[in-house]
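In what follows, a single structure is set out as structure tokens and then discussed.
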Number of protein chains: 2
Amino acid sequence: MTVGENLLADGVCMPGAELTVPAEDLAPLAARVKVLGDPTRMRIVQILAANGSVCACDLEEPLGLSQPTVSHHLRQLTEAGLVVRDKRGTWAFFRVADAEVADLASAVRGLAARS
Amino acid sequence: MTVGENLLADGVCMPGAELTVPAEDLAPLAARVKVLGDPTRMRIVQILAANGSVCACDLEEPLGLSQPTVSHHLRQLTEAGLVVRDKRGTWAFFRVADAEVADLASAVRGLAARS
DNA sequence: AGTCAATATCGACAGATGTCGATGTGGTGA
DNA sequence: TCACCACATCGACATCTGTCGATATTGACT
């Protein structure tokens, strides 16, 4: 739907139309979405979701990546709040932060919702 | 189960545990999520959602970016199917592909859902 | 034709990002 | 204490990505 008072005929550009700029800082949201945008990390989330709580050492093989790399991705996911770290003794177990992922999904859907 | 070292008491790592690997190719999904993961592109989607159909020329100012850069982001969004291009004469109008964004959001939520 | 305006594309550049090997850290158990 | 294991961090590297100016391309209107 067109906006502004200077809407001309149909299908014409309207420069001064003051686009609605919510100025809502979606940088944090974008950052979390970006973290999920990596195939490897998305795969990790999928594996965690399917297995509940998984030891980091069990991720290297299915992912086909080195231990430092897996650790790096787990760090990104954890810092984004999409995954929860649970260290037990020598091992580190990870699980999906269901609520956070759900919130993110809902925020994304909300983006496209007409205001 | 030959007790081996795997699968012991509670809270212990279980290496041979055959993680559920759906092998579902989430590369395409990751790619679309990645496109949305950029703050500028997310902002574009937000603006389009709020204004319906917007001319590309009206995006440069609110975004504070050059015309080639805006064009580049619009291309990414369009190729990802998150936005629809509608060229009228000299201008190019864009609008959010509501259904696609909704699908993406729902797919993301589905990721965290325990199988 | 010719000119102007809006977009798209190209080429180049700086900065971010994923990856690895090597090394550090901390807990477990002989 | 020592060795071993899982994990985190570091340093380096190649690649990807966002950005811009310059240059096409396309459409509209004399």
Side-chain angles (χ1 to χ4, degrees), chain A residues 8-17 27 30-45 48 53-80 83-95, chain B residues 4-6 8-9 11-17 27 30-45 48 53-80 83-95:
Chain A
L8 307 177
D10 198 33
V12 180
C13 187
M14 32 181 199
R32 279 181 309 184
V33 170
K34 188 176 190 178
V35 168
L36 248 193
D38 179 87
T40 297
R41 288 191 288 262
M42 187 171 282
R43 184 79 183 289
I44 290 178
V45 169
L48 296 188
S53 195
V54 177
C55 175
C57 62
D58 289 336
L59 288 173
E60 302 180 29
E61 186 204 329
L63 293 175
L65 292 173
S66 70
Q67 179 268 322
T69 301
V70 172
S71 183
H72 170 249
H73 286 305
L74 286 171
R75 178 185 175 85
Q76 307 270 348
L77 286 166
T78 301
E79 287 181 344
V83 151
V84 176
R85 165 184 279 113
D86 175 26
K87 196 151 193 178
R88 304 181 212 166
T90 307
W91 303 286
F93 286 77
F94 294 83
R95 66 178 193 278
Chain B
E5 283 105 6
N6 340 4
L8 298 178
V12 180
C13 187
M14 32 183 202
R32 279 182 309 184
V33 170
K34 188 176 189 177
V35 168
L36 248 193
D38 180 87
T40 297
R41 287 191 289 263
M42 187 171 281
R43 184 78 183 289
I44 291 177
V45 169
L48 295 189
S53 195
V54 177
C55 175
C57 63
D58 288 336
L59 288 173
E60 303 179 28
E61 186 205 328
L63 293 175
L65 293 173
S66 70
Q67 179 269 321
T69 300
V70 172
S71 183
H72 169 249
H73 287 305
L74 287 172
R75 178 185 174 86
Q76 307 269 348
L77 286 166
T78 301
E79 288 181 344
V83 150
V84 177
R85 165 184 279 112
D86 174 26
K87 196 151 193 179
R88 302 180 214 166
T90 308
W91 302 286
F93 285 76
F94 295 84
R95 66 177 193 279

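Throughout, protein chains are lettered first and strands after them, A, B, ... in sequence-line order, and every chain is numbered starting at 1. Basis for what follows: all heavy atoms, side chains included, without hydrogens, waters or symmetry-related copies.
- With distances taken from any side-chain atom of A:Ala56 to the nucleotides C:dT19, C:dT17, D:dC7, the minimum falls on D:dC7.
- In this structure, CZ on B:Arg32 lies 15.0 Å from CD on B:Gln76, to the nearest 0.5 angstrom.
- Among A:Ile44, A:Val54, A:Leu74, the single residue meeting the side-chain contact (heavy atoms from CB on, under 4.5 Å) criterion with A:Phe94 is A:Leu74.
- In this structure the side chain of A:Glu60 never reaches within 4.5 angstrom of the side chain of A:Leu65, judged on heavy atoms.
- A sub-4.0 Å separation between OP1 or OP2 of C:dC20 and a side-chain N or O of A:Thr69 is present.
- Both A:Thr90 and A:Val70 lie close to DNA chain C; mapped to their nearest nucleotides by heavy-atom distance, the more 5′-ward contact belongs to A:Val70.
- Protein atom CZ of B:Arg85 is 12 Å distant from nucleotide atom C1' of C:dA6, rounded to whole Å.
- Taking 4.0 angstrom as the limit, A:Ser71 places none of its side-chain polar atoms (N or O) nearer than this to OP1 or OP2 of D:dC7.
- The side chain of B:Arg88 contributes no N or O atom lying less than 4.0 Å from OP1 or OP2 of C:dA6.
- A cation-pi arrangement is present between A:Arg88 and A:Phe93, with the terminal nitrogen or guanidinium carbon under 6.0 Å from the aromatic centre and inside a 45° cone about the axis.
- Rounded to an integer number of Å, the gap from A:Gln67 CD to D:dT9 C1' is 10 Å.
- Applying the 4.0 Å criterion to OP1 and OP2 of D:dC7, one finds that A:His72 has every side-chain N and O outside that range.
- Residues B:Ala92 and A:Gln76 both approach DNA chain C. Their nearest nucleotides, taken by heavy-atom distance, put B:Ala92 toward the 5′ side.
- Across the protein-nucleic acid pair, A:Asp38 atom CG and C:dA16 atom P stand 18 Å apart, rounded to whole Å.
- Atom pair B:Leu65:CG and D:dT17:P shows a separation of 18 Å (rounding to whole Å applied).
- If you measure from atom CG of B:Leu74 to atom C1' of C:dA8, you get 11 Å, rounded to the nearest angstrom.
- At whole-Å resolution of the value, NE2 in A:His73 and P in C:dA16 are 18 Å apart.
- Partner A:Leu77 forms a side-chain contact (heavy atoms from CB on, under 4.5 Å) with one of A:Leu48, A:Asp38, A:Val35 and no other, that one being A:Val35.
- For the pair B:Arg75 CZ and D:dT25 P, the computed distance is 15 Å after rounding to whole Å.
- One can place CZ of A:Arg41 at 8 Å from P of C:dT19, the figure rounded to the nearest angstrom.
- The phosphate of D:dA8 has neither OP1 nor OP2 within less than 4.0 Å of any side-chain N or O from A:Lys87.
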